[in-house]
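Heads up: the structure comes next, in structure tokens.
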Amino acid sequence: MAGTAADVARVAKAEVGYQEGRSGGHWNNYQRYSPAVPGLEWSDGMAWCATFAAWCFQQAGMPKGSHPVTASCLTATNWWKQQGRWSEYPAIGAQVMFGPGGGSHTGIVIDYDATTITTIEGNTNVSGSAEGDGVYRKVRQRRDTYVYGYGYPTYPGGIKSADPSWKNPTTTKEDPMAGITKRDIYDAVWTTDAIAAPVDAADIKTNKNWQPQSILRDMQARIRSMDKRMSAQTAAITALAKLAGGGADTKAIVAAVEKAIAAAVIDVNINTQEG
């Protein structure tokens with residue numbers, strides 16, 4: 001999935017404090033962003049504010065075609081306009097362009113209010129220069145003439161903008177069941193340890209939660225056991241009736257009933273074993 005405005009802001013903010021290289025006692029524009037952006041390797045050692053913006057979009061997972069990949073602020077400004085994604089109003093995650101024609105400097109907007117924009121800018125300094133020494137967090141006035149305009153990346157779900165005329169694309173809600181198979185549903189319902197084990201289970205101390213399918217098997221076994229016991233009782237009563245009708249003594253009747261019940265219980269224990 002494409003990166004979001006929040007992802008871009010997170011990536012940019014994490015770079016605050018980074019500084020370019022030095023040589024001969026001076027900052028030299030050599031930095032880690034140019035070599036990391038395919039197609040912009042050649043720009044190492046040159047002004048790198050636009051390269052930094054392209055790097056932020058790339059690191060946040062923005063796909064090709066959703067933002068300009070260039071070391072030139074003027075080229076980036078023209079690209080936004082050609083794509084119809086240009087505005088005079090700030091937006092979270094927008095690329096702000098500075099100077100005449102938007103060709104002097106650039107940064108990433110991470111916040112705005114009625115009067116200011118908060119940005120993360122590469123190749124600037126404490127004073128906000130377009131030729132600085134590192135990555136800085138800046139707060140600038142929205143109505144400053146140095147602010148030329150804003151390019152809006154293509155973010156999934158749109159972009160939070162101060163532009164009253166900006167229309168985000170209509171998005172369709174994702175189907176929460178998309179990609180879920182019948183097997184996934186079966187496993188979630190029947191093979192999850194989510195039900196308390198029967199209190200008389202043999203392994204209650206080591207297996208306190210059972211899968212629903214295990215509970216069903218246990219219930220079936222108990223029902224079969226009940227059926228067998230009822231059959232045993234019926235057999236015992238039948239035997240008792242026969243013996244009573246035949247004039248047998250009490251001890252013989254009791255012995256016959258106990259034998260019938262014992263035989264039925266043994267049969268239940270054998271036939272309800274789980275493999």
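E20 places a side-chain N or O within 3.5 Å of a backbone atom of N29 that can act as its donor or acceptor partner. Remark: the backbone N or O of D7 is paired with a side-chain donor or acceptor of T4 at under 3.5 angstrom. No donor-acceptor distance shorter than 3.5 angstrom exists from the side chain of S23 to the backbone of N28, with no hydrogens or angles considered. No donor-acceptor pair closer than 3.5 Å links the side chain of Q58 to the backbone N or O of P63. Judged by distance alone, the side chain of T70 and the main-chain N or O of S72 form a donor-acceptor pair under 3.5 Å.
In this structure D113 satisfies the side-chain contact (heavy atoms from CB on, under 4.5 Å) test together with T115, T116, sequence neighbours excluded.
Under the 4.5 Å side-chain heavy-atom criterion for Ile, Leu, Val, Met, Phe, Trp and Tyr, V109 and V139 are members of distinct hydrophobic clusters. Hydrophobic clustering (ILVMFWY, side-chain heavy atoms < 4.5 Å, transitive): Y146 and V96 are in one cluster.
Two residues are said to be in side-chain contact when any heavy atoms from C-beta on lie closer than 4.5 Å; V135 and I120 meet this criterion. Contact annotation: the side chain of P153 approaches that of M62 to within less than 4.5 Å [non-hydrogen atoms, C-beta and beyond]. In this structure the side chain of F57 never reaches within 4.5 angstrom of the side chain of S66, judged on heavy atoms. At a threshold of 4.5 Å between non-hydrogen side-chain atoms, the residues V69 and W79 do not count as touching.
Y89 contributes atom OH, which lies 7.0 Å from atom OG of S165 (distance to the nearest 0.5 angstrom). Interatomic distance, OG1 of T51 versus CG of L40, reported as 5.0 Å (0.5 Å rounding). Between the CZ atom in R85 and the CD atom in Q82 there is a gap of 14.5 Å [rounded to 0.5 Å]. From W166, atom CH2 reaches atom CD1 of I159 across 7.5 Å, with rounding to the nearest 0.5 Å. Going from atom CD1 of I108 over to atom NZ of K13 covers 12.5 Å, rounded to the nearest 0.5 Å. Atom CG of residue N168 and atom OG1 of residue T154 lie 10.5 Å apart, to the nearest 0.5 angstrom.
Legend: ring-ring contact (aromatic ring centres under 6.0 Å, His included) pairs involving residues 15-34, not counting sequence neighbours, sorted by first then second residue: Y18-Y33, Y33-W48, Y33-F52, Y33-W55. Screening residues 32-58 for salt bridge (Lys or Arg N to Asp or Glu O under 4.0 Å), with sequence neighbours left out, gives E15-R32.
Nearest heavy atoms, Q31 versus S43: NE2-O, 4.4 Å. Scanning both residues, M97 and C73, for their nearest heavy atoms gives CE-O, 3.2 Å. Minimum heavy-atom separation, P90 to I117: CB-CG2, 3.7 Å. When every heavy atom of I92 is checked against every heavy atom of A5, the shortest pair comes out as O-CB, 3.5 Å. Taking every heavy atom of both residues into account, S87 and D163 meet most closely at OG-OD2, 2.7 Å. Between T124 and Y136, the closest heavy-atom pair is O-CE1, 3.1 Å.
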Taking it one step at a time, do T77 and Y148 satisfy side chain to side chain donor-acceptor pair (under 3.5 Å)?
CA-CA 9 Å; T77 298; Y148 181 70; over 6 Å; no

One pair to check against side-chain contact (heavy atoms from CB on, under 4.5 Å): D200 and R222. What are the steps and the verdict?
CA-CA 12 Å; D200 58 348; R222 291 171 186 267; 2.5 Å; yes

When you look at Y150 and Q95, which way does the side-chain contact (heavy atoms from CB on, under 4.5 Å) test go after all the steps?
CA-CA 6 Å; Y150 307 85; Q95 183 175 6; over 6 Å; no

side-chain contact (heavy atoms from CB on, under 4.5 Å) assessment of V8 paired with Y155
CA-CA 10 Å; V8 173; Y155 291 119; 3.5 Å; yes

Check step by step if salt bridge (Lys or Arg N to Asp or Glu O under 4.0 Å) holds for D111 and K160.
CA-CA 10 Å; D111 199 6; K160 179 184 177 183; 5.7 Å; no

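Using modelled atom types and a 3.5 Å distance limit, the side chains of Y112 and T118 yield no donor-acceptor pair. Side chains of N78 and T75: a donor-acceptor N/O pair is absent below 3.5 angstrom, by distance only.
The number of heavy-atom neighbours closer than 6.0 Å to NZ of K138, taken from other residues, nucleotides and ligands shown, is above 12. The local environment of CZ in R142 is crowded, with over 12 non-hydrogen atoms from other residues, nucleotides or ligands closer than 6.0 Å.
Ring centroids of Y152 and W86 are separated by 6.0 Å or more, keeping the two rings apart.
Salt bridge D227/R224: absent, no basic N to carboxylate O contact under 4.0 Å. The pair R143-E88 does not count as a salt bridge, with every side-chain nitrogen at least 4.0 angstrom from each carboxylate oxygen.
H105 and F98 have parallel rings, their planes meeting at less than 30° on a 0 to 90° scale where 60° marks the start of perpendicular.
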